[in-house]
Enquirer: 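Below you will find the structure I want to go over with you.
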Number of protein chains: 2
Amino acid sequence: MLSTTGLPQGAVPKLERPGPLRDRVYEALLELITTRALRPGQHLVESELAGHLGVSRQPVREALQRLNRDGWVDLRPAQGAFVHEPTEAEADQLLTVRTLLEAEAARLAAANASAPAIAELEELCAEGERAVAADDVDAAVATNARLHAKIMELAGNAVLAELAAQVDRRVRWYYTPVARQRGQQSWTEHRELIAAIADRDGQRATEIMRVHTEHTRQTYHEREK
Amino acid sequence: MLSTTGLPQGAVPKLERPGPLRDRVYEALLELITTRALRPGQHLVESELAGHLGVSRQPVREALQRLNRDGWVDLRPAQGAFVHEPTEAEADQLLTVRTLLEAEAARLAAANASAPAIAELEELCAEGERAVAADDVDAAVATNARLHAKIMELAGNAVLAELAAQVDRRVRWYYTPVARQRGQQSWTEHRELIAAIADRDGQRATEIMRVHTEHTRQTYHEREK
DNA sequence: GCGCCGTAGACTGTAGGCGAAAGCCAATCC
DNA sequence: GGATTGGCTTTCGCCTACAGTCTACGGCGC
């Protein structure tokens, strides 16, 4: 089905719409929570947030429900929303689940990966290494996320990807403050992982990913001391 | 801290509150979807549902958002909610993830299980076998759910449990229609699983659970033919 | 007869308002 | 002096109303 307008297909910015307000409120609140502008345990009042963001209460309500569903706020009935307070046990559980999901993704990715896809992974890996070399923590973390997301995409399991996305964002919340400690080694492991995927060695990819996320957990726990 | 009223503690019905309306709407819609009263692909109009349930649009909206988040309906922007249409690929992906989560739960449960907990599992298993013997499919399915939930509880990982609960409910949607085919064998496998957990053999428990859910998948796919 | 445009209908997205439940504090009674 | 109870404030839960947007249909020009 060809367009008759002669316009290039993908280049049209699609008349960028602001999108549903609730989603933007969701993103805004998520940003405020992850940046610790809203402290754990803090009571979030709908009307306050609504006034502060310049919208009505309804989008705020819907955003809060989504935040609750995603584990960012606790919604006590007839009382309101409170920013979730992370605990040691919960961080540990999240990392356990993350290990599980990422390892499975690595296994599936190894089974499905095509040559160009592997090239993409290597490019991302190189990008991450450059970021580490330049001591750009933000870029390194962002590239890390993209790399993991790409592997998840290669796994070709939408359900798995969705769950992993949820868990990953929360893990990153705990993890980001200590990301600096774990720069070089992380990307060395990424290299090994990509090599395993390129070799179609699912067994090895699973194992490397398991060790990789396990290192993340150890780094997190060492931070406490 | 003893009560001075002299009233029996547990016997007070606690003045059964109807609970938040949005939750009841959620349950009602979920019931309508799982029972196929609302067909896959059907367009759900907020005002219609609201009128039909005797409530306003707001609780319906919030329920629909939760249903969307849980994968029961697809929410197309500025167009409305549509009952999710299950596909073969998705069922397969769900079962893959379910296998993963349940196997991990079995492993953790084997590490944590106490003697009374194991007794509880065996009791549930016996109950399930009785239901199968009596050809009571509904009871067998319900007991099956309770058994898996109990194992998940023993695993002691709240995050894992939450994800598994989501996946399980959706899996059950696909699976229930063919549950009848898989009665006796399923509970035999449950017996083996409990034995492995009782022996604290995480390796074996993982393997059995993997095979168990894999059988479920095969049963599902055979239905197609 | 065919295709385009304009208009009407319907539904969602958002705003504001009212009633009710929960928590808090002070005054009161034992 | 301590516990209780009453009222008051805060905040949520829900309803109603309005504006924006997408879809579908009918008329008009070619």
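All values below come from the heavy atoms of this structure, side chains included, with hydrogens, waters and symmetry mates left out. Just so it is clear: chains get the letters A, B, ... in the order the sequence lines come, proteins before strands, and each one is counted from 1.
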Enquirer: Quick one: Leu75(A) CG to dC12(D) C1', roughly how many Å, whole number?
Expert: 10 Å
Enquirer: Tell me, which of residues 40-52 of chain B have any heavy atom that sits under 4.0 Å from an atom in DNA chain C?
Expert: Leu44(B), Val45(B), Glu46(B)
Enquirer: For DNA chain D, what residues of residues 53-67 of chain A have any heavy atom nearer than 4.0 Å?
Expert: Arg57(A), Arg61(A)
Enquirer: If you look only at distance, which donor and acceptor atoms sit under 3.5 Å apart when one is on a side chain in residues 71-81 of chain B and the other is two or more places apart or in another chain?
Expert:
from: Asp74(B); atom 1: OD1; to: His84(B); atom 2: ND1; distance (Å): 3.2
from: Asp74(B); atom 1: OD2; to: His84(B); atom 2: ND1; distance (Å): 3.0

Enquirer: Could you pull out all residues at least two apart from Glu123(B) that satisfy salt bridge (charged side-chain N to carboxylate O under 4.0 Å, His left out)?
Expert: Arg130(B)
Enquirer: Counting only pairs under 3.5 Å, give me each side-chain donor-acceptor contact of residues 103-110 of chain B, with atom names and distances, residues two or more places apart or in other chains.
Expert:
from: Glu104(B); atom 1: OE1; to: Arg107(B); atom 2: NE; distance (Å): 3.3
from: Glu104(B); atom 1: OE2; to: Arg107(B); atom 2: NH2; distance (Å): 2.9

Enquirer: Can you list everything that forms a side chain to side chain donor-acceptor pair (under 3.5 Å) with Arg146(A)? Sequence neighbours excluded, please.
Expert: Glu127(A)
Enquirer: Whole angstroms only, please: what is the CD-C1' distance between Gln79(B) and dT23(D)?
Expert: 9 Å
Enquirer: Nearest-Å distance, CG (Asp23(B)) to C1' (dG13(D))?
Expert: 12 Å
Enquirer: Only pairs at least two apart or in different chains count here, so list each ring-ring contact (aromatic ring centres under 6.0 Å, His included) that has a residue in residues 23-70 of chain A.
Expert: His43(A)-Phe82(A)
Enquirer: Under the rule for side chain to side chain donor-acceptor pair (under 3.5 Å), what residues qualify as partners of Thr143(A), not counting sequence neighbours?
Expert: none
Enquirer: Per the ring-ring contact (aromatic ring centres under 6.0 Å, His included) rule, what does the pair list look like for residues 89-109 of chain B, sequence neighbours excluded?
Expert: none
Enquirer: Round to the nearest Å and state the distance from Asp74(B) atom CG to dT12(C) atom C1'.
Expert: 17 Å
Enquirer: Closer than 4.0 angstrom, basic N to acidic O: yes or no for Arg169(A) and Asp70(A)?
Expert: yes
